[in-house]
Amino acid sequence: MKQAATPKLAACATLAALGLLAALVFGRAGLAVLAAPFLAIVVAGLAVARKPSIVVSLEAERDRVLEGDTLRLEIELESGVTVEALDVLVAVAPELEPVGEARNPFSTRLVAHRPLRREIRLRCARWGAFRLSPVVLRARDRLGLFVYEQTIQTGAAVKVYPREEALRALLYPRETGVFAGDVVSRQKGDGLEFADLRPFVPGDRLRRVNWRATAKRGELWVAELHPERNAEVVVFLDTFAEARRADGGTLDQAVSAAFALVRRYLAHRDRVGLVSFGGVLDWVVPGSGLLQLYRIVDSLLQSEVVMSHAGGDVGAIPARILPPKALVVALSPLLDERAARALLDLRARGFDVVVLEVSPLPFVGAGPAELDRLAHRLWMLERARLRAVYLGAGVPVVEWREGTPLAAVLQGVSEFRRSGRHAHV
Amino acid sequence: MAVDRLAGLPLVPGVLAAAAFLVGLAGLDDRAPTLALALLGAEYGTFLHLNGEEIGGATAVYAAGLVLAAELAYWSLELRAPVEVASSAIRRRFASIAATVVGAFVVVGVVAYAAGLRTGSGFVLDITGAIALTVALSLVAQLAKR
């Protein structure tokens with residue numbers, strides 16, 4: 001531990017020196033008498049001071065929790081010498097708020113060779129990946145003349161997953177993939193869903209003969225079926241800008257939605273990829289399975305808005321990230337022109353794009369002045385214009401306001417896609 | 001007559017000491033308590049000088065009072081840290097302060113008694129004082145190195 005003298009030690013030593021010096025200069029023994037206890041404190045303090053060696057272990061109850069959950073940390077401290085006063089701080093991110101009776105930081109007394117265990121409860125207020133480190137220790141000796149400080153890095157970390165939105169139905173691309181899945185394909189082949197009837201041709205299996213149609217027409221007819229295939233979906237997370245207040249923001253909503261969508265798609269054996277499009281471009285190549293879920297969630301937890309004047313070119317996204325038949329589900333507050341332009345660019349390249357507009361309006365109010373209100377109205381008009389541009393390009397845009405279930409938003413997109421299916425591309 | 005006119009002189013460092021304590025406790029400057037204690041020492045020195053030096057029980061009480069003031073002042077500085085302190089820790093701290101004050105009283109008593117053995121100045125006392133001063137200064141220097 002790093003040792004440092006406290007102001008008290010400096011004061012006692014200074015007072016003792018001054019008193020003795022004054023006693024000598026002025027020839028007054030009374031001043032030496034006054035200085036004597038301060039000198040005695042310094043000498044006693046130097047004599048009893050022992051540098052403590054404290055061993056710390058920190059364990060989190062779980063390494064994965066959901067947003068809003070309470071995480072229990074157990075910290076164990078052990079020292080070779082008795083520490084009269086020990087301040088302990090587990091320097092966690094502000095998103096992990098201490099709750100309960102045990103505080104962080106806390107002060108305690110540590111008896112030599114007697115391990116001390118304390119419990120700290122943290123409420124995980126926001127999603128993200130957080131290190132439960134460092135642990136900062138500050139010990140004082142018996143007379144308070146020395147302070148010993150140490151910063152210990154622990155390996156403990158926790159991943160806080162966003163609360164999952166309840167979803168009933170998902171959005172699917174117009175073209176399905178080639179692997180088996182849960183989505184009824186438009187193609188004809190082996191499956192369960194009836195598609196059409198056609199005359200028998202050599203090579204058709206007998207089990208596909210539709211006997212009712214055969215009896216009516218007097219020749220063999222077979223039923224054609226739609227196969228069940230998987231889908232390829234790319235979640236496009238706009239991280240150029242966000243609107244937020246202390247307890248949340250558009251990025252929080254977007255990440256929460258992305259988490260729910262990815263989980264549901266992967267549960268349906270679909271192939272899912274992720275593009276975090278912002279100041280820092282990040283992606284996860286489409287894939288399926290549990291491992292893919294972990295990959296995407298890890299990437300989502302690292303999502304943050306990074307200020308940048310560069311970026312915005314979808315050409316920077318590798319081609320393998322965006323399969324041609326994939327549905328691109330964009331989660332964007334439509335605050336940054338670069339992201340808005342990129343989505344139109346994707347649409348122009350033939351991708352099936354839907355935009356879930358994470359509305360920034362609950363986070364951005366109009367100012368009190370008349371000019372502020374006018375500026376707010378102009379901004380709203382500009383947003384409406386942008387939505388019209390998207391709709392004109394055949395990209396459904398549905399506004400998602402804070403408090404509205406994501407399922408309702410997806411329903412809105414589905415309705416648009418049903419009505420506008422043949423209108424474009 | 002001159003002594004009567006100067007009877008209020010010890011009040012000057014006393015008032016300055018009170019002001020320095022206020023500055024220190026308000027958190028404006030951490031060095032202020034040290035200055036306040038030095039001023040209180042100066043106040044008592046002035047008082048002794050004006051009234052003729054008489055080291056006795058009052059000196060021991062005054063010195064113990066100075067130590068108590070120092071302990072409480074520096075404790076208040078420590079309490080500024082936003083750390084939850086258990087009531088048992090507060091009790092232990094009170095006991096520690098009480099022990100320090102009693103210890104200071106005893107030390108002052110012993111030193112006062114030793115000083116009373118040989119009143120006035122003399123070569124041996126001067127040498128002893130010089131050695132004590134050298135030790136104290138070397139301690140300060142050592143601590144400054146840390």
Side-chain angles (χ1 to χ4, degrees), chain A residues 2-46 49 84-89 98 101-109 138 140 142-147, chain B residues 30-31 33-34 37-38 41-42 44-45 48-49 53-55 59-60 62-64 66-67 70-71 73-75 77-78 81-86 88-89 92-93 96 100 103-105 107-108 110-112 115-116 118-121 125-126 129-130 132-133 135-137 139-140 142-144 146:
Chain A
K2 193 178 165 190
Q3 184 182 26
T6 61
K8 183 181 170 184
L9 175 57
C12 287
T14 307
L15 289 170
L18 279 177
L20 292 173
L21 183 65
L24 205 63
V25 170
F26 297 113
R28 296 291 174 190
L31 293 172
V33 171
L34 282 183
F38 292 102
L39 189 60
I41 288 172
V42 173
V43 172
L46 289 173
E84 281 305 314
L86 176 67
D87 297 340
V88 183
L89 167 70
E101 289 181 2
R103 298 286 173 211
N104 181 32
F106 63 90
S107 186
T108 187
R109 180 172 185 260
R138 184 190 291 144
R140 279 186 297 276
R142 190 179 294 271
L143 289 174
L145 300 184
F146 290 103
V147 65
Chain B
D30 286 354
R31 294 166 300 181
T34 310
L37 292 166
Y44 194 63
L48 288 178
H49 179 73
E53 190 169 350
E54 279 184 19
I55 303 168
T59 311
Y62 194 86
L66 267 186
V67 170
E71 288 287 339
Y74 287 104
W75 190 18
L77 293 184
E78 283 174 26
V83 182
E84 179 204 31
V85 181
S88 58
R92 277 197 305 276
R93 188 62 184 254
S96 165
T100 308
F105 191 80
V107 167
V108 171
V110 170
V111 175
R118 175 79 183 254
T119 55
S121 61
L125 196 63
D126 286 348
L133 177 61
V135 169
L137 289 178
L139 268 174
V140 173
Q142 252 194 342
L143 294 170
R146 291 191 180 197

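Letters A, B, ... are given to chains in the order of the sequence lines, protein chains preceding strands, and every chain is numbered from 1.
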Is the shortest side-chain heavy-atom distance between B/Tyr62 and B/Leu66 below 4.5 Å? yes

Select one option (side chain, backbone, both, neither) describing which atoms of B/Ala70 are under 4.5 Å from chain A's heavy atoms. side chain

For A/Ile41, which atoms come within 4.5 Å of any heavy atom of chain B: side chain, backbone, both, or neither? side chain

Show me the pairs that pass salt bridge (Lys or Arg N to Asp or Glu O under 4.0 Å) and involve residues 7-17 of chain A, at least two apart or across chains. A/Lys8-B/Glu71

Ion pair present between A/Arg140 and A/Glu84, side-chain N to carboxylate O less than 4.0 angstrom? no

Just so I know, are the side chains of A/Thr6 and B/Tyr74 near enough to count as touching, which here means a heavy-atom distance under 4.5 Å? no

Checking A/Leu21 against chain B: side chain, backbone, both or neither under 4.5 Å from a heavy atom? both

A/Arg109 atom CZ, over 12 foreign heavy atoms within 6.0 Å: yes

Need one label for B/Arg31: side chain, backbone, both or neither, based on atoms under 4.5 Å from any heavy atom in chain A. neither

Which answer fits A/Ala40, side chain, backbone, both or neither, if we ask what part of it has an atom under 4.5 Å from a heavy atom of chain B? side chain

